[in-house]
There are 2 protein chains.
Amino acid sequence: MAKARHSRFDCNPGCSVEAAIGLIDGKWKSIVLWHLLGGTMRFNEIRRTMLNCTPRMLTKQLRELEEDGLIVRKVYAQVPPKVEYSLSELGRSMEPILSALKRWGDANIGLYGKPQGHDPREAT
Amino acid sequence: MAKARHSRFDCNPGCSVEAAIGLIDGKWKSIVLWHLLGGTMRFNEIRRTMLNCTPRMLTKQLRELEEDGLIVRKVYAQVPPKVEYSLSELGRSMEPILSALKRWGDANIGLYGKPQGHDPREAT
DNA sequence: CTGAATCCATAATGATACTG
DNA sequence: CAGTATCATTATGGATTCAG
């Protein structure tokens, strides 16, 4: 959780909705988490799932997710570099939220052809 | 739904997670929706639940939610003005998401004393 | 009461190029 | 491969004032 990057608890102390949403806002966070539900992934592997995300942005989002304790970053000391990202326990506990988002999206905006193409549960 | 304010479907066509999250990001949207789960509310009534939200911001968020078809804005032609906001069917369908957020927040960040103080379900 | 108008500060995101 | 660095742009949020 590091230092409080989120000064967004100004709704009121009990507003946990705000707290929760604060961790998965940002343009790509929820997507990353969703993909990681399917298992460990490497940097470029994640990138390939969202080609419009620049490495700069991806790095930043990953770092924040890591700070918030939602994902785990594992670096292999080798050349070429290898870094793996996976969900922490806390991150995995967001599964209900992510699933709810997915279901809602599929039901209400899934107008773009078949909803999936990459259901994490059927990924490696 | 108006014109596509959300050009955030760049993950991939099936990425409904992104689509869904795109509708409730912003600093206050999820909070507003959460509160409206408890029933119709007026402008300042909503404001009082998040004192750090300026009228400008609240207006903007409400307009966007309206554009996206999540809430309904009802204006009474009278003086002083009276405007009521309530969830649309679509907005109400987000209840699972909002509940998931709330539950997660309560479980993982509810370190600020008793979680509620305003459970919409027990509001008027 | 429910906003709109204006101005401003900062944060978020993006493009591009480069590196160990 | 997994990032950094730099620059530019845009989006977001806020303060304040005004109005029907």
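Labels below follow one simple rule: chain letters A, B, ... track the order of the sequence lines, proteins then strands, and each chain is numbered from 1. Because the structure is a prediction, the values reported are computed rather than measured.
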Spacing of NZ belonging to B:K29 relative to CD1 belonging to B:I71, to within rounding of 0.5 Å = 9.5 Å
remark   = Separation of C:dA12 atom C1' from B:I21 atom CD1, nearest Å, is 16 Å
request  = Can you tell me the distance, in whole Å, between the CG atom of A:D25 and the C1' atom of C:dT13?
outcome  = 13 Å
request  = Return the value, rounded to whole Å, for the distance between atom CD of B:E45 and atom P of C:dC1.
outcome  = 12 Å
task = Quickly work out the A:W28 CH2 to C:dA12 P distance and round it to whole Å.
result = 16 Å
ask   = Can you check side chain to side chain contact (heavy atoms under 4.5 Å, CB included) on B:F43 and B:L58, steps first, answer last?
value = CA-CA 8 Å; B:F43 188 84; B:L58 183 53; 3.9 Å; yes
query = Roughly how many Å is it from CE in A:M41 to C1' in D:dA2, rounded to a whole number?
reply = 15 Å
note = B:M57 atom CE is separated from C:dA9 atom P, nearest whole Å, by 18 Å
key: Qualifying salt bridge (Lys or Arg N to Asp or Glu O under 4.0 Å) pairs, either residue in residues 41-57 of chain A, two or more places apart   = none
Selection from D:dT12, C:dT13, C:dG14 that lies nearest to any side-chain heavy atom of A:Q61 = C:dT13
note = Under the rule of Watson-Crick or G-U wobble with both distances under 3.5 Å, where | means paired to another strand and [ ] a crossing pair, DNA chain D maps to ||||||||||||||||||||
inquiry  = With nearest nucleotide decided by heavy atoms, which residue, A:K82 or B:P81, maps closer to the 5′ end of DNA chain D?
reply    = A:K82
inquiry  = Could you tell me if the side chain of A:W34 sits less than 4.5 Å from the side chain of A:L101, heavy atoms only?
reply    = no
Between N or O atoms, less than 3.5 Å apart, protein on one side and nucleotides 3-8 of chain D on the other: list the pairs.
unit_1 : atom_1 : unit_2 : atom_2 : d
D:dG3  : OP1    : A:R63  : NH2    : 3.0
D:dG3  : OP1    : A:R73  : NH2    : 2.4
D:dG3  : OP2    : A:Y85  : OH     : 2.5
D:dT4  : OP1    : A:R63  : NH1    : 2.7

query = Rounded to the Å, how far apart are B:E84 CD and C:dG3 P?
reply = 12 Å
inquiry  = Would you say that B:W28 contacts B:I46 through its side chain, given a criterion of any heavy-atom pair below 4.5 Å between the two side chains?
reply    = no
ask   = So do the side chains of B:L65 and B:I24 get within less than 4.5 Å of each other, counting heavy atoms only?
value = no
request  = Report yes if the side chains of A:K102 and A:W104 come closer than 4.5 Å at any heavy-atom pair, otherwise no.
outcome  = no
message = Do B:S86 and B:L36 have side chains that approach each other closer than 4.5 Å (heavy atoms only, starting at C-beta)?
response = no
ask   = Could you give the NZ-to-P distance, from B:K60 to C:dA5, as a whole number of Å?
value = 15 Å
query = For the side chain of B:R42, counting heavy atoms from C-beta on, which of C:dG20, C:dC1, C:dT13 is nearest?
reply = C:dC1
inquiry  = In the structure I gave you, are the side-chain heavy atoms of A:V72 and A:L87 within less than 4.5 Å of one another anywhere?
reply    = no
